[in-house]
Amino acid sequence: MKCRKCGGRAVLELRRHNTAFCGPDYLAFFRHHVLETIRRWRMLRHDEPVLVAVSGGKDSLALWDVLHDAGYRTTGLYIDLGILEYSRASRARCEQFAAARGLSLRVVRVADETGASIPGVKEATRRPACSACGLSKRYILNRAALEGGFPVVATGHNLDDEAATLLGSTLRWEESALARQAPVLEATHPKLARRVKPLFRTSERETAAYAFLRGIDYIVEECPFARGATSLTHKELLNRLEDASPGSKAMFVQGFLDRGRPLFQGREAVALVECVRCGQATTGEVCAFCKLRDQVTRARPVGGEGPAAAEPDEPPAARGLISDLRAASEIHAP
Ligand code: Q46
Ligand code: ZN
């Protein structure tokens, strides 16, 4: 297999692009693909600072790497969920990444914001961990952007994430979720930062290959709460489709953005106001995050330590590990 660019030995084949690249040409291809996405969707400007949400995984660190190399003024934000060893290891990856490049990394602990770590919030509220976690991450990310003077936040959602979310929302015909699914969410209120997903056109396998070839040390294990998540089933289904017909995921997502989303968009106009408690944008009087915090406070015994940080039932899922190793093993040493 030869590199389509230089004719040297290819290390990676990209079936959906009907091409193959050597290491250096793949890195250049990936960067170009991401920067072209940013340009075409008008995601970022070079004169504005961008807050990059990093989890320690391959996608967010690859994104930070590309943005920093391209000269964007980046600062990382790591949200410490307090999920035992997973959080300790993922935070360490982010800190190492930032230190090696002289980049600034901010850390916000969910426990400081809500009174408990994510396992504790789950226990106190009887709410699924991922629902409390998603709400907390969105809130903290937006507030950190506003407080830090960042007009825009970038997240590492990739094509596989977007296709799986779209499939889930379509199966349930969740009109509001379909209206909100976009690579750029403009700030529709002074208390909201713009949100962009520069990797939405690159697959998980492609970002894994980029991170591997760049020598980025990222956390391979998935969050223990991801185990059994429906979104993983959707990803598996989509992978089977992609195997049979390369390009299916991209077609699904791009087709939706071109022809599906406009049908849902107009129906979602909601009036946003400021939360009477914290001042962040919300649709009601008190925002969902403040309500969550109240629930945690109520569950905490007076003078107590708060809900125990329960261990997840299952050991960390190996699924991410397997898929990443498969991607890495597809990269042939030159
Ligand atoms: S939502 Fe759920 Fe993730 Fe939060 S609790 Fe873990 S799996 S980290 S993207
Ligand atoms: Zn609030």
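Both counts, for ligands and for their atoms, begin at 1 and track the order of listing. Every heavy atom of this structure was used, including side-chain atoms; hydrogens, water molecules and symmetry mates were not.
Of the protein's non-hydrogen atoms, Cys223 SG, 2.2 Å is the one closest to atom 6 (Fe) of ligand 1. Among protein heavy atoms, atom 3 (Fe) of ligand 1 sits closest to Lys137 NZ, 4.0 Å. In terms of protein heavy-atom proximity, atom 4 (Fe) of ligand 1 is closest to Cys133 SG, 2.2 Å.
Remark: the Tyr78 side chain and the Ser90 side chain contain an N/O donor-acceptor pair separated by less than 3.5 Å. Thr19 and His17 share no donor-acceptor pair across their side chains, judged by distance under 3.5 Å alone.
Take the Zn ion (ligand 2) as the corner point: the lines to SG of Cys275 and to SG of Cys278 open at 110°, to the nearest 10 degrees.
In this structure, His68 has its ring center no closer than 6.0 Å to that of Tyr72.
Ring pair Phe30/Tyr26 is tilted by interplanar angle, where 30° to 60° counts as tilted.
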Please lay out, stage by stage, how Asp69 and Arg101 fare under the test salt bridge (Lys or Arg N to Asp or Glu O under 4.0 Å). CA-CA 10 Å; Asp69 270 11; Arg101 291 159 180 80; over 6 Å; no
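Every atom of ligand 1 with a heavy atom of Leu81 under 4.0 Å away is listed here by number and element: 8 (S). Those atoms of ligand 1 that come under 4.0 Å of a heavy atom in Ala226, given as number and element, are 7 (S). Atom numbering of ligand 1 starts at 1 in the shown order; those under 4.0 Å from a heavy atom of Cys130 are 1 (S), 2 (Fe), 5 (S), 7 (S).
Taking a 6.0 Å sphere around CD of Glu285, one finds it holds 12 or fewer heavy atoms contributed by other residues, nucleotides or ligands.
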